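A short write-up of the structure that comes next.
Model, not experiment: these values are computed from the prediction. In what follows, every chain begins at residue 1, and chains take the letters A, B, ... in the order their sequences are listed.
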Protein chains: 2
Amino acid sequence: MAAQDADIFDDMRHRLITGEFGYGTKLRAEKLRHDYNCSASTVREVLFRLSTVGLVEFQEQRGFRAPVQSVERQHELTHMRILLETEGACLSIRMGGVEWESRLTAAHHKLSHIETRVRSSGDLIPLLGLWSRAEQEFHETLIDACGSGLLMRTHAVIYEQFRQQLVSAETNYGYFPENIREHQAILDAALQRNEDLMRVCVNDHLARNLTRPMPRKAQPEALGKSSAI
Amino acid sequence: MAAQDADIFDDMRHRLITGEFGYGTKLRAEKLRHDYNCSASTVREVLFRLSTVGLVEFQEQRGFRAPVQSVERQHELTHMRILLETEGACLSIRMGGVEWESRLTAAHHKLSHIETRVRSSGDLIPLLGLWSRAEQEFHETLIDACGSGLLMRTHAVIYEQFRQQLVSAETNYGYFPENIREHQAILDAALQRNEDLMRVCVNDHLARNLTRPMPRKAQPEALGKSSAI
DNA sequence: TACGCGCAAAATTTCGAAAATCAAAGAAAA
DNA sequence: TTTTCTTTGATTTTCGAAATTTTGCGCGTA
């Protein structure tokens with residue numbers, strides 16, 4: 001029985017991202033232990049580890065619960081993703097080589113293939129799992145030549161919470177055509193190595209998740225950027 | 001006894017930030033339990049929670065250890081701090097009111113007072129605790145009108161790790177005069193509500209940590225055998 | 001000498017129950 | 001009726017030991 005803990009962790013993560021638990025629900029170790037027939041302590045540990053990546057919230061003396069969904073939270077997650085992903089993508093442009101380009105192209109190809117199938121079928125749901133993984137891989141590849149493991153790990157954490165928020169919204173197809181175009185635009189910006197364009201593309205792609213726009217200055221993105229790592 | 005867990009957490013955090021544990025040292029619950037006389041499980045939990053904020057690293061089936069110090073890590077932390085803090089500060093300028101200005105001024109005043117004392121005595125060490133808290137409060141106040149709890153929490157996590165990295169370097173006084181000037185400049189930028197200037201100031205203030213090499217030797221027993229400190 | 005195998009010690013994880021803490025319902029006082 | 005106190009039930013935290021996994025070391029073999 002190897003790595004029981006890890007299995008439970010993965011399964012719980014899946015259940016959380018999938019939205020199985022109502023947002024804000026209390027996650028009681030004593031209940032959950034039956035799903036995996038293990039002890040409560042083991043579940044407790046898993047919950048701690050899930051809180052490490054922001055998928056559950058922990059409060060001293062009052063246990064764990066699934067995070068509450070709210071417009072504010074959604075906005076904060078989106079905003080943070082924009083911040084991290086534009087930075088990561090621009091750094092990748094600066095530091096990544098042909099090898100990065102090719103990996104990104106590959107990831108995009110896979111994603112694109114799935115998205116085309118979705119478009120022609122008109123129904124996202126049966127391919128949701130596949131698409132979800134492919135999108136994640138594309139976005140992770142986009143920033144993975146940035147040279148900062150910390151940036152990537154932080155982004156991964158935000159990304160998962162973001163996905164947790166969106167899971168219900170995504171299932172109703174909605175903005176798929178735009179999605180396809182935007183992913184293409186991001187790939188193009190990368191291959192052109194155009195950082196400013198990249199900023200715009202990433203922003204457009206993600207900003208749709210803002211029902212209410214973040215307060216922004218009228219003037220375009222400032223030029224004085226932070227120095228490279 | 002109330003909140004035993006929390007006490008241990010705070011104490012361990014302090015010990016970690018203080019650099020008491022050699023970087024990369026294994027943190028064995030079985031050893032640590034004697035320091036607090038509690039069970040190993042309790043220590044284990046605390047370690048999990050510390051890993052939530054990046055102060056210790058956890059690896060499946062091979063326990064916990066204090067993070068290894070390295071130039072790369074230092075650079076990644078610095079870079080991330082710049083990213084988060086410029087964004088947070090600019091958002092605060094955009095969204096914060098007079099009330100924010102006054103809080104920031106207050107925090108700066110406290111910090112400034114301590115820094116002046118340090119300068120005239122020429123020795124940081126006796127005031128290190130005070131100064132450290134004041135600096136943290138200043139930087140936290142700087143971004144605390146940004147409107148995103150997520151941004152602030154993320155920044156707090158990075159900040160602590162950053163401090164953990166610097167703890168030894170800070171104690172040798174070094175760049176104090178510049179520090180004073182830079183904190184003033186940041187306050188000025190805030191009161192002028194000049195975002196571009198703010199970006200420059202925050203960048204200058206933090207970027208100094210990019211060139212400075214790590215002043216600490218690698219821990220010989222970091223991997224493999226036990227041989228505690 | 002180098003390499004692989006297996007045993008023993010050390011470290012980590014898991015367990016079920018006891019102890020501590022919190023929250024809700026009910027009783028007593030105003 | 002409202003407020004405050006107390007008891008009771010539920011939940012969370014802590015414990016020490018047993019089960020599992022990793023690691024270190026010695027031994028035999030090429």
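- As rounded to whole Å, 15 Å separates atom P of C/dT14 from atom CZ of A/Phe48.
- Note: CD (A/Gln61) to C1' (C/dA19) measures 12 Å, nearest angstrom.
- The minimum heavy-atom distance between A/Val43 and A/Ala29, with the atom names listed, is CG1-CA, 3.7 Å.
- Among C/dA11, D/dC15, D/dT22, the nucleotide with an atom closest to any side-chain atom of B/Arg62 is D/dT22.
- Considering every non-hydrogen atom in both B/Val56 and B/Leu47, the closest pair reads CG2-O, 3.4 Å.
- With respect to the salt-bridge test (charged N to carboxylate O, under 4.0 angstrom), the residues B/Arg163 and B/Glu160 qualify.
- D/dT11 atom P lies 17 Å from atom CD of A/Gln59, rounded to whole Å.
- Using a 4.0 Å heavy-atom cutoff across all strands shown, B/Tyr36 reaches no nucleic acid atom at all.
- Taking atom CZ of B/Phe64 as the reference point, atom P of D/dT22 lies 16 Å away to the nearest angstrom.
- For A/Glu45 and C/dC15, the CD to C1' distance is 12 Å, given to the nearest whole Å.
- No engagement by A/Glu30 is indicated, since no non-hydrogen atom pair under 4.0 Å with the nucleic acid exists.
- Between D/dT11 and A/Lys26, no contact under 4.0 Å exists linking OP1 or OP2 to a side-chain N or O.
- Comparing D/dT13, C/dT14, D/dT14 by their nearest atom to the side chain of B/Ser39 picks out D/dT14.
- Of all nucleotides listed (D/dT23, C/dG16, D/dG16), C/dG16 comes nearest to the side chain of A/Arg33.
- The interatomic distance linking B/Asp5 (CG) with C/dT21 (C1') rounds to 13 Å, in whole Å.
- Atom CD in A/Glu60 sits about 9 Å away from atom P in C/dC22, given to the nearest Å.
- When distances are taken from the side chain of B/Thr42 to each of D/dT11, C/dT21, D/dT14, the shortest belongs to D/dT14.
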Next item on the list: Before giving the answer on salt bridge (charged side-chain N to carboxylate O under 4.0 Å, His left out), spell out for A/Glu99 and A/Arg103 the whole-Å C-alpha distance, their side-chain angles and the decisive distance to 0.1 Å.
Entry: CA-CA 6 Å; A/Glu99 184 262 347; A/Arg103 261 182 303 124; 2.8 Å; yes
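- For the side-chain contact (heavy atoms from CB on, under 4.5 Å) with B/Glu85, the lone residue among B/His205, B/Glu140, B/Met80, B/His139 that qualifies is B/His139.
- Considering only side-chain N and O atoms, B/Arg44 lies under 4.0 angstrom from the phosphate OP1 or OP2 of C/dT13.
- When rounded to the nearest whole Å, the span between CG of A/Asn37 and C1' of C/dG16 equals 14 Å.
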